[in-house]
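To start, the structure itself, in structure tokens.
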There are 2 protein chains.
Amino acid sequence: MKLTSKGRYAVMALVDLARFNSINPVSLRDISLRQGISLDYLEQIFFKLRKKEIVQSVRGNQGGYVLNKKAKEIKLTNIFDAVDEKVKTVQCKKDSKKGCNGKSTKCLTHNLWDELENHINDFFEKKSLEDLVKENTERRI
Amino acid sequence: MKLTSKGRYAVMALVDLARFNSINPVSLRDISLRQGISLDYLEQIFFKLRKKEIVQSVRGNQGGYVLNKKAKEIKLTNIFDAVDEKVKTVQCKKDSKKGCNGKSTKCLTHNLWDELENHINDFFEKKSLEDLVKENTERRI
DNA sequence: TGATACTTGACTATTTTAGTCGGGTTTATA
DNA sequence: TATAAACCCGACTAAAATAGTCAAGTATCA
Ligand code: FES
Ligand code: FES
């Protein structure tokens, strides 16, 4: 059960972006250098973030990205959703009537994993980008 | 972020085992048939469970496995630990001073993932095998 | 008219997962 | 005592997912 780099990087990059919450857009090159994330990979990630309207792009020289909403309104859930970092605990198709291995009923542990999934999602639901930035206010990179 | 089959199967199999909490050992063949899990795979899993003293084996004809502790005392944590289903949210070596990409400090999100890891482990710490069996008492397979 | 930076799609090496396979050993019971 | 049921154990592998790279653009500012 592990978090993938895509999700981790997405959050890292957005926290970085939110800290430089100025009028000027932040370029991926800067984020790449500061956070040590491959530029090409960041581009993939921001492509998705833009499609979900979490960030806005500013093209051209001196361009970059800015947040499209207030940091307070961006929850971890939104970020993870945007980059397809899903929490998946069950094996069966969640909404189908069928169980794990194509069985006709749900398996013995289905409810448990469902609970777990909710438990994890609660965490993501509660944390906003603003919270994360605040927690890092005193620290320097 | 997903749960692997190994962990899922380990719990499924133990719930099955605990339900037939009789004097007679339960054979992996039976569990395999009831739960639709490959027998060979189950053997791998139970080898680990035995090494961590969660189950005991009874060899020979009519043999099988029995719980080695009371169902109440077996937490999800113990099961996951036994089968090496670890929760891993950070990228860095957890106890090293170094950060994600060999950087000298922890990254912006390190604390967040640490919190998440604790949040998830809390869940596993609270659930015992007994709880799971109880929740399934009325249901039939 | 550069240079900078975003845009997009395709491709790939590596790692992990979810098993399979094959050959044991032990023990109850007919 | 033979035999079959069941555990024991190591090695191997196909498929999927991950974590990127690469290449070829397009837009805009200075
Ligand atoms: S996880 Fe849904 S039926 Fe097994
Ligand atoms: S996750 Fe620990 S430093 Fe990035």
Side-chain angles (χ1 to χ4, degrees), chain A residues 1-13 17 20 23-66 68 80 83-89 91 100-101, chain B residues 1-13 17 20 23-33 35-52 54-66 68 80 83-89 91 100-101:
Chain A
M1 184 144 221
K2 68 178 177 232
L3 192 66
T4 67
S5 289
K6 185 148 46 178
R8 200 184 295 109
Y9 287 167
V11 178
M12 268 168 89
L17 180 54
F20 295 80
I23 298 134
N24 301 324
V26 180
S27 75
L28 293 190
R29 212 179 85 90
D30 286 353
I31 297 180
S32 163
L33 290 173
R34 277 196 294 262
Q35 305 302 329
I37 304 169
S38 143
L39 178 59
D40 284 312
Y41 204 23
L42 272 179
E43 283 177 349
Q44 277 186 48
I45 291 169
F46 273 76
F47 176 64
K48 291 171 187 239
L49 291 174
R50 193 177 62 82
K51 274 203 305 189
K52 293 284 180 154
E53 301 178 338
I54 290 174
V55 296
Q56 248 183 351
S57 71
V58 180
R59 300 189 72 146
N61 191 354
Q62 297 291 100
Y65 287 90
V66 287
N68 197 24
F80 277 17
V83 298
D84 308 305
E85 171 89 34
K86 319 188 230 310
V87 177
K88 180 163 162 39
T89 56
Q91 185 167 48
C100 270
N101 312 56
Chain B
M1 181 141 222
K2 69 176 174 233
L3 191 66
T4 67
S5 288
K6 187 149 44 181
R8 199 183 297 108
Y9 287 168
V11 178
M12 268 169 92
L17 180 53
F20 293 81
I23 299 135
N24 300 324
V26 180
S27 76
L28 292 189
R29 211 179 86 89
D30 286 353
I31 297 179
S32 163
L33 290 173
Q35 305 303 330
I37 304 169
S38 141
L39 179 58
D40 284 312
Y41 204 23
L42 272 180
E43 283 180 348
Q44 278 186 48
I45 292 170
F46 273 76
F47 178 63
K48 290 171 187 239
L49 291 174
R50 194 175 61 82
K51 275 204 302 193
K52 294 283 182 157
I54 290 173
V55 295
Q56 251 185 348
S57 70
V58 179
R59 300 191 71 148
N61 191 350
Q62 294 292 100
Y65 287 90
V66 287
N68 196 25
F80 276 16
V83 298
D84 308 305
E85 172 89 35
K86 319 188 231 310
V87 177
K88 181 164 163 38
T89 56
Q91 184 164 51
C100 268
N101 311 55

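Throughout, protein chains are lettered first and strands after them, A, B, ... in sequence-line order, and every chain is numbered starting at 1.
If you take NZ of Lys88(B) and P of dT18(D), they are 15 Å apart, rounded to a whole angstrom. In this structure, Ile45(B) atom CD1 and dC9(D) atom C1' are separated by 15 Å, rounded to whole Å. Atom pair Ile37(A):CD1 and dG20(D):P shows a separation of 9 Å (rounding to whole Å applied).
In the 5' to 3' direction, nucleotides of DNA chain C lying under 4.0 Å from heavy atoms of chain A begin and end at dT4(C) to dT16(C).
Side-chain contact between Asp84(A) and Lys86(A): present, with at least one pair of heavy atoms (C-beta onward) separated by less than 4.5 Å. Between Gln44(B) and Tyr9(B), every side-chain heavy-atom pair lies at or beyond the 4.5 Å cut-off. Taking 4.5 Å as the limit, some side-chain heavy atom of Arg34(A) sits within range of a side-chain heavy atom of Val26(A). Met1(B) is listed as a side-chain neighbour of Thr89(B), based on a closest heavy-atom distance under 4.5 Å.
The residue among Lys2(A) and Phe46(A) whose nearest nucleotide of DNA chain C lies closer to the 5′ end is Phe46(A). Sequence order on DNA chain D of the closest nucleotides to Ser27(B) and Arg8(A) puts Ser27(B) first from the 5' end.
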Do nucleotides 21-30 of chain D as a string where each nucleotide becomes B, S or -: B if the base has a protein heavy atom under 4.0 Å, S if just the sugar-phosphate does, - if no protein is that close. BB---BBBB-
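Residue contacts for Val26(B): at a heavy-atom cut-off of 4.0 Å it reaches the sugar-phosphate backbone alone, with no base atom in range.
Rounded to the nearest 0.5 Å, atoms CD (Gln35(A)) and CG (Asp30(A)) are 11.0 Å apart.
Contact between the side-chain N/O atoms of Arg29(B) and the OP1/OP2 oxygens of dA5(D) is not found at any separation under 4.0 Å.
Taking the six-membered ring for Trp and thresholds of 30 and 60 degrees, Tyr65(B) and Phe46(B) have ring planes inclined between 30 and 60 degrees apart.
Within a 6.0 Å sphere centred on CD of Glu43(A), heavy atoms belonging to other residues, nucleotides or ligands number more than 12.
For Ser32(B) (side chain) and Ser38(B) (main-chain N/O), no donor-acceptor pair under 3.5 Å exists by modelled atom type.
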